[in-house]
Asker: 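One structure, pasted below without further comment.
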Amino acid sequence: CAFCQVGTFEQRAEHMVVASNALQFQEEYFAVWRCSSCRSLHSLVKFSLENYYQNSPFLKRRLNRYNRVAFEGFYRWLLKKGVGPKNRVLFYGVNSAMFQEFFREKGYEFFDTFEEVMNEQRLAAQAAGFYDTVIILDYLERAEEPRLVFEFAARQLIPGGTLILHTPDAEKIRTPLNVDNQMHQPFRLHIASWMALETLAETKGFKRQTMDRYHYLDTLTPFINFRAFHDLPLFFDGSLEAGFNFRPRDIFRKVWRIPRFVVLGFLGGVFREPSNIVAVFTKQV
């Protein structure tokens, strides 16, 4: 197990085969197992994803009126956590340029980005940083070695600096029902349980401040929330790409799904998907 270093596939608590929700892997299935010790989830077969990210639908995202509303909510949440425009921020995650564009519009002059796949060589090549805040969104579960992500954050932060981390909680992902989008194979290599995540953070010199079961896309604005977004692909072929390419008129492709989508559109920002975590850690002095 990449998190607790105790559990093994041979002693697994659970083993399943799930379909990919990415178009480039639509004909493929992937084995996933759950650690019996810390309840984290892992892809069984490991291979480098660096080349596959070139065709990821995330890279096609651009700022629009919908994600601007979502980012506005995340921006206000950051302000409540003490991360304002005067902070020196390093953003590590997919679509970092889009986040950088938005936050620089908000007056964050020191908002740098990092989007490369972390490995031992890249970690060794990084000079010590001077950042007040490191934000990691949608990346920890994609890392081949999650411990390196925490080591990278610790190296980049000043003592007492803030680490903000968004990732799924494997303990809240109930199987075998409706797991394809949550597993997002083969891109999610290791999905930590909250227990394993907090323990790993502590071993790398961080102390947890807050933990919210919330997705940074969740808002109270109708239809702009995580649960509604993840219902969009079901009007098409179920792929993640279908969600990004969705247009309002497309709901008439499968009219029988409209009632569920309407409910999620209005209530998804209130009754949130419990598997999402946004945690705030402090780098200990």
Asker: Any chance you could measure Lys81, atom NZ, to Thr133, atom OG1, to the nearest 0.5 Å?
Answerer: 13.0 Å
Asker: Report yes if some heavy atom in the side chain of Asn276 is under 4.5 Å from a heavy atom in the side chain of Phe226; otherwise report no.
Answerer: yes
Asker: Decide yes or no on salt bridge (charged side-chain N to carboxylate O under 4.0 Å, His left out) for Lys86 and Asp132, but give the supporting numbers first.
Answerer: CA-CA 9 Å; Lys86 293 186 178 180; Asp132 304 301; over 6 Å; no
Asker: Using every non-hydrogen atom in the two residues, find where Ile173 and Arg34 come nearest and quote the distance to one decimal.
Answerer: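 The answer is O-NH2, 2.9 Å.
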Asker: Kindly work out whether a path of hydrophobic side-chain contacts (I/L/V/M/F/W/Y, heavy atoms less than 4.5 Å apart) joins Phe223 to Phe236.
Answerer: yes
Asker: Count I, L, V, M, F, W, Y as connected when their side-chain heavy atoms are under 4.5 Å apart, and connections chain through other members. Are Phe244 and Leu23 then in the same cluster?
Answerer: no
Asker: Carefully, step by step, assess Arg188 and Val32 under the rule side chain to side chain contact (heavy atoms under 4.5 Å, CB included).
Answerer: CA-CA 10 Å; Arg188 287 182 168 175; Val32 177; over 6 Å; no
Asker: What pair of heavy atoms forms the shortest contact from Ser239 to Pro233, and how long is it?
Answerer: O-CB, 3.1 Å
Asker: Under the criterion ring pair (Phe, Tyr, Trp, His ring centres under 6.0 Å), I'd like the reasoning laid out for His166 against Tyr139: C-alpha separation, chi angles, the key distance, then a yes or no.
Answerer: CA-CA 8 Å; His166 170 266; Tyr139 183 75; over 10 Å; no
Asker: Could you check whether any side-chain heavy atom of Leu41 comes within less than 4.5 Å of a side-chain heavy atom of Met183, counting everything from C-beta outward?
Answerer: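 Answer yes - side chains close enough.
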Asker: Flag the pair Gln126 / Phe152 as yes when at least one side-chain heavy-atom distance between them is below 4.5 Å, and no otherwise.
Answerer: yes
Asker: Check whether any side-chain heavy atom of Asp112 lies under 4.5 Å from a side-chain heavy atom of Val89, and answer yes or no.
Answerer: no
Asker: Identify the heavy atoms of Arg62 and Met98 that sit nearest to each other, and give their distance.
Answerer: C-SD, 3.5 Å
Asker: Surrounding NZ of Lys207 (heavy atoms of other residues, nucleotides or ligands, distance under 6.0 Å), is the total greater than 12?
Answerer: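 It does not: Lys207 NZ has 12 such atoms or fewer within range.
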Asker: Atom CD in Glu198, atom CZ in Phe3: separation rounded to 0.5 Å?
Answerer: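 It comes to 14.0 Å.
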Asker: Examine Leu217 and Val280 and state if one hydrophobic cluster contains both, with Ile, Leu, Val, Met, Phe, Trp and Tyr joined whenever side-chain heavy atoms are less than 4.5 Å apart.
Answerer: yes
Asker: For the residue pair Phe103 and Phe99, categorise the inter-ring angle as parallel (less than 30°), tilted (30 to 60°) or perpendicular (more than 60°).
Answerer: parallel
Asker: Can you name the nearest heavy-atom pair linking Asn225 to Gly265, along with the distance?
Answerer: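 Nearest pair, atom of Asn225 first, then Gly265: ND2-O, 3.4 Å.
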Asker: Do the ring centers of Phe114 and Phe91 come within less than 6.0 Å of each other?
Answerer: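 Ring-ring flag for Phe114/Phe91: false, centres at least 6.0 Å apart.
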Asker: Is the Trp33 ring parallel, tilted or perpendicular to the His42 ring (thresholds 30°, 60°)?
Answerer: tilted
Asker: Do Leu197 and Thr167 come within less than 4.5 Å of each other through their side chains, counting heavy atoms only?
Answerer: yes
Asker: Which atom pair, heavy atoms only, marks the closest approach of Tyr214 to Gly73?
Answerer: OH-O, 4.3 Å
Asker: Step through the shown structure and confirm whether more than 12 heavy atoms of other residues, nucleotides or ligands are within 6.0 Å of CD on Glu109.
Answerer: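 Open: at most 12 neighbouring heavy atoms sit under 6.0 Å from CD of Glu109.
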Asker: Which heavy atom in Cys38 sits nearest to a heavy atom in Cys1, and how many Å separate them?
Answerer: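 Taking Cys38 first and Cys1 second, the nearest heavy atoms are SG-SG, 3.6 Å.
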Asker: Would you say Trp194 and Arg208 make side-chain contact, with heavy atoms under 4.5 Å?
Answerer: yes
Asker: So, do Asp218 and His215 sit near enough that their side-chain heavy atoms are less than 4.5 Å apart?
Answerer: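 Contact flag for Asp218/His215 side chains = yes.
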Asker: Group every Ile, Leu, Val, Met, Phe, Trp and Tyr by side-chain heavy-atom contacts under 4.5 Å, then state whether Val255 and Phe235 land in the same group.
Answerer: yes
Asker: Identify the residue among Tyr108, Phe74, Phe71, Phe111 that makes a side chain to side chain contact (heavy atoms under 4.5 Å, CB included) with Phe102.
Answerer: Phe71
Asker: Determine whether Leu137 and Ile224 fall in the same hydrophobic cluster, where Ile, Leu, Val, Met, Phe, Trp and Tyr are linked whenever their side-chain heavy atoms lie under 4.5 Å apart.
Answerer: no
Asker: Side chains of Ser20 and Tyr29, heavy atoms from C-beta outward: is any pair under 4.5 Å?
Answerer: no
Asker: For side chain to side chain contact (heavy atoms under 4.5 Å, CB included), just list the numbers for Glu105 and Arg68, CA-CA rounded to whole Å, side-chain angles, deciding distance to a tenth of an Å, and then say yes or no.
Answerer: CA-CA 11 Å; Glu105 289 177 1; Arg68 279 186 182 277; 2.8 Å; yes
Asker: Classify the ring geometry of Phe281 against Phe150: parallel below 30°, tilted from 30° to 60°, perpendicular beyond 60°.
Answerer: perpendicular
